[in-house]
Amino acid sequence: MAIQQTSGLSLILRLQIDNTASFSDVASAIGEAGGDIIAVDVIHVHKDHVVRDITVNVHNEAHRERVVESLSKRNGIKVVNVSDRTFLVHLGGKIEIQARTPVKNRDDLSRVYTPGVARVCQAIAEDPSKAFQLTIKRNTVAVVSDGTAVLGLGDIGPEAAMPVMEGKAMLFKQFADVDAFPICLNTKDPDEIVRTVIALSPGFGGINLEDISSPRCFEVEERLKEALDIPVFHDDQHGTAVVLLAGLINALKIVDKRMEDLRVVVCGIGAAGVACTRILKSAGVPTVIGVDRQGIIEAGKHYENPVWDWYAQNSNPEKLTGTLDDAIRGADVFIGVSGPGVLTVDHLKSMARDPIVFAMANPTPEIAPEDAEPYVRILATGRSDYPNQINNVLCFPGMFRGALDARARDINEDMKLAAADAIASCVPEDQLNEQYIIPSVFNKQVVKAVSRAVAEAAYRSGVARRVPKFDVSAE
Ligand SMILES: NC(=O)C1=CN([C@@H]2O[C@H](COP(=O)(O)OP(=O)(O)OC[C@H]3O[C@@H](n4cnc5c(N)ncnc54)[C@H](O)[C@@H]3O)[C@@H](O)[C@H]2O)C=CC1
Ligand SMILES: CC(=O)C(=O)O
Ligand SMILES: [Mg+2]
């Protein structure tokens with residue numbers, strides 16, 4: 001299995017090129033430093049120089065410096081500015097609100113706003129369920145974070161969490177036409193988070209909790225699910241678990257193993273790790289062994305963290321003790337939702353035949369894919385620049401589309417398992433291979449398949465308030 005990485009950093013270099021130098025000097029300076037020229041634009045032409053923007057792909061920040069240095073050393077070439085295209089795409093934020101109806105005259109104004117709007121308000125006051133017909137509620141999701149477990153970056157605060165939450169909102173809209181709002185809270189107190197989300201819930205058809213650290217995330221989700229009659233879904237737990245299960249369903253077809261025979265190690269028993277373990281157990285995996293910083297979660301032992309306490313009673317049937325070295329020996333599958341560099345080549349060598357490794361820590365996986373590649377049969381990461389991206393983006397847009405279409409009160413286990421099967425089914429059996437166990441996030445079938453499966457499961461399990469109409473002609 002050869003791993004192809006598809007992108008690193010993409011830069012726009014603004015260069016002043018004197019008439020004494022030529023474009024081929026620029027190209028060779030970039031080429032000698034190993035940069036890839038992607039696009040060239042002319043910005044100004046003066047009598048003694050030309051200013052050009054050159055878009056260049058580099059592997060990482062050190063590589064960027066080497067490209068800039070190589071250009072700066074050339075006579076007649078001046079590097080005026082270096083822009084990182086990732087930062088450019090964030091300038092001013094990534095989303096905006098748009099009106100669905102133009103307000104062109106007084107007549108429009110009197111209908112969309114006062115006095116006309118008052119009658120609509122009264123209709124909802126008389127029957128609050130009309131909010132689903134007469135407001136944005138039927139299509140809106142609040143993406144709520146306190147900034148305490150952002151990607152793998154940890155507690156970086158609510159302001160720093162905003163780019164991720166804006167990104168989730170963009171993906172909700174692009175993939176599933178769901179209007180999602182990023183809401184980053186300036187509190188880490190579970191009571192205050194619960195109170196705040198309940199208070200802001202009337203305008204929303206669903207709540208997507210994001211990047212709230214464990215164990216607080218479990219309590220916050222549980223209390224909100226109890227209090228609200230709209231779906232509450234902690235994406236890092238359940239979105240990750242659903243996509244993991246979809247990937248595993250397909251990976252097992254390649255290695256010809258069954259869920260009922262698997263020995264799985266989950267590393268990182270936080271939000272994602274606990275949910276992955278729960279869904280693996282629901283899917284019939286008999287042996288799941290959890291490992292965190294202090295080692296294996298020991299069967300039967302009592303832990304202060306209530307979720308680890310649950311974990312100790314519901315995992316590790318072989319009653320293993322020790323470290324990851326002990327847990328991974330003979331394991332069929334490694335699920336990493338911990339941090340960078342946890343997994344070594346020696347660990348991989350000690351696994352059972354045809355190792356399946358899902359190293360999902362973001363942004364840096366548990367092992368560098370290039371290091372793991374020779375020793376595993378199937379490798380997946382959370383990143384979009386390697387094959388087999390196990391990322392919750394494959395789940396949350398379709399999950400909420402289906403839940404909103406069914407006007408579901410809750411997102412339950414049946415809906416999650418249905419979503420996992422639907423994602424797995426988007427890879428045709430005749431195309432399945434080691435580097436293609438999970439559909440692309442750009443595969444338009446995914447949201448259709450997931451939303452339909454989720455809405456049907458909502459209906460079957462009694463949490464739907466509406467039977468959605470499916471567009472069969474689009475299939
Ligand atoms: N690919 C995907 O779709 C997703 C990936 N993730 C990634 O998974 C990781 C964990 O996310 P959450 O569960 O939300 O965080 P969390 O903070 O709830 O849990 C992380 C757990 O990993 C443990 N951990 C950290 N470093 C460790 C190490 N060196 N060895 C053993 N255990 C270690 C921590 O003690 C903690 O219990 C992050 O890197 C995150 O970016 C999370 C959600 C989705
Ligand atoms: C993908 C995601 O939600 C995370 O890494 O936290
Ligand atoms: Mg997350």
Side-chain angles (χ1 to χ4, degrees), residues 91-145 158-159 162 165-187 192-210 223-233 396-397 399-411 447 451 455 458-459 463-471:
L91 283 179
K94 298 192 291 263
I95 54 169
E96 63 183 9
I97 289 186
Q98 276 183 9
R100 295 177 69 211
T101 317
V103 183
K104 289 191 282 204
N105 50 42
R106 266 180 198 284
D107 184 38
D108 293 340
L109 183 64
S110 69
R111 274 185 283 119
V112 302
Y113 196 48
T114 181
V117 72
R119 285 193 301 114
V120 181
C121 298
Q122 277 167 329
I124 298 171
E126 279 161 28
D127 176 3
S129 75
K130 287 213 166 101
F132 279 109
Q133 287 139 37
L134 296 170
T135 74
I136 56 174
K137 185 175 175 83
R138 74 163 123 186
N139 204 46
T140 52
V141 168
V143 180
V144 179
S145 182
E159 287 85 0
M162 276 297 286
M165 305 315 137
E166 286 183 19
K168 296 261 175 194
M170 270 176 107
L171 300 174
F172 264 119
K173 187 66 185 175
Q174 172 165 339
F175 293 134
D177 199 23
V178 169
D179 294 300
F181 293 76
I183 296 176
C184 289
L185 303 176
N186 190 14
T187 175
E192 206 173 349
I193 295 174
V194 168
R195 255 199 319 273
T196 308
V197 174
I198 292 172
L200 60 78
S201 67
F204 293 97
I207 306 290
N208 182 95
L209 301 173
E210 191 68 45
R223 285 171 61 187
L224 285 172
K225 274 173 98 73
E226 186 81 6
L228 295 175
D229 70 347
I230 53 173
V232 177
F233 181 81
F396 65 80
M399 177 64 84
F400 273 97
R401 181 72 277 152
L404 290 169
D405 289 348
R407 223 160 272 176
R409 285 191 185 81
D410 189 18
I411 290 176
V447 167
S451 57
Y459 181 71
V463 295
R465 282 177 279 202
R466 177 171 174 268
V467 184
K469 289 193 194 77
F470 295 109
D471 179 6

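Count residues from 1 along the sequence.
Residues meeting the salt bridge (Lys or Arg N to Asp or Glu O under 4.0 Å) test with Arg409, sequence neighbours left out: none. By the side chain to side chain donor-acceptor pair (under 3.5 Å) test, Thr187 pairs with Glu192, sequence neighbours left out. Shown here are the side chain to side chain donor-acceptor pair (under 3.5 Å) partners of Glu159, two or more places apart in sequence or in another chain: there are none. Partners of Asn105 by side chain to side chain donor-acceptor pair (under 3.5 Å), not counting sequence neighbours: none found. Partners of Arg407 under the side chain to side chain donor-acceptor pair (under 3.5 Å) rule, at least two apart in sequence or in another chain, do not exist in this structure. The salt bridge (Lys or Arg N to Asp or Glu O under 4.0 Å) check on Arg195 picks up nothing, with sequence neighbours excluded. Legend: residues meeting salt bridge (Lys or Arg N to Asp or Glu O under 4.0 Å) with Lys137, ordered by chain and number and at least two apart, are absent.
A distance of 10.0 Å separates CZ in Arg138 from CG in Asp405, rounded to the nearest 0.5 Å. Interatomic distance, Phe132 CZ to Arg466 CZ, rounded to the nearest 0.5 Å: 10.5 Å. Taking CG from Asp410 and CG from Leu228, the interatomic distance works out to 10.5 Å, rounded to the nearest 0.5 Å.
Among all heavy-atom pairs drawn from Pro231 and Ala408, the shortest one is CD-O, 3.1 Å. Residues Met165 and Val143 come closest through the heavy atom pair SD-CG1, 3.8 Å. Taking each heavy atom of Ile230 and Arg465 in turn, the nearest pair found is CG2-NH2, 4.2 Å.
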Under 3.5 Å, which donor-acceptor pairs link side chains of residues 169-186 to any protein atom two or more places apart or in another chain?
from	atom 1	to	atom 2	distance (Å)
Lys173	NZ	Asp177	OD1	2.7
Lys173	NZ	Asp179	OD1	2.9
Asp179	OD2	Asn139	ND2	2.9

Under 3.5 Å, which donor-acceptor pairs do the side chains of residues 110-126 form with other protein atoms, sequence neighbours left out?
from	atom 1	to	atom 2	distance (Å)
Ser110	OG	Arg106	O	3.4
Ser110	OG	Asp107	O	2.8
Arg111	NH2	Asp107	OD2	3.0

Taking distance alone, no hydrogens or angles, what donor-acceptor pairs closer than 3.5 Å link side-chain atoms of residues 201-210 to residues at least two apart or in another chain?
from	atom 1	to	atom 2	distance (Å)
Ser201	OG	Ile198	O	2.8
Asn208	ND2	Glu210	OE1	3.1
Glu210	OE2	Lys168	NZ	3.3

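Two rings, from Phe396 and Phe233, have their centers 6.0 Å or more apart.
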Go through it in stages, so that I can follow the logic: the residues are Thr140 and Thr135, the test is side chain to side chain contact (heavy atoms under 4.5 Å, CB included), and I'd like the CA-CA distance, side-chain angles, deciding distance and then a yes or no. CA-CA 10 Å; Thr140 52; Thr135 74; over 6 Å; no
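Within a 6.0 Å radius of CD1 in Ile97, other residues, nucleotides and ligands contribute 12 heavy atoms or fewer.
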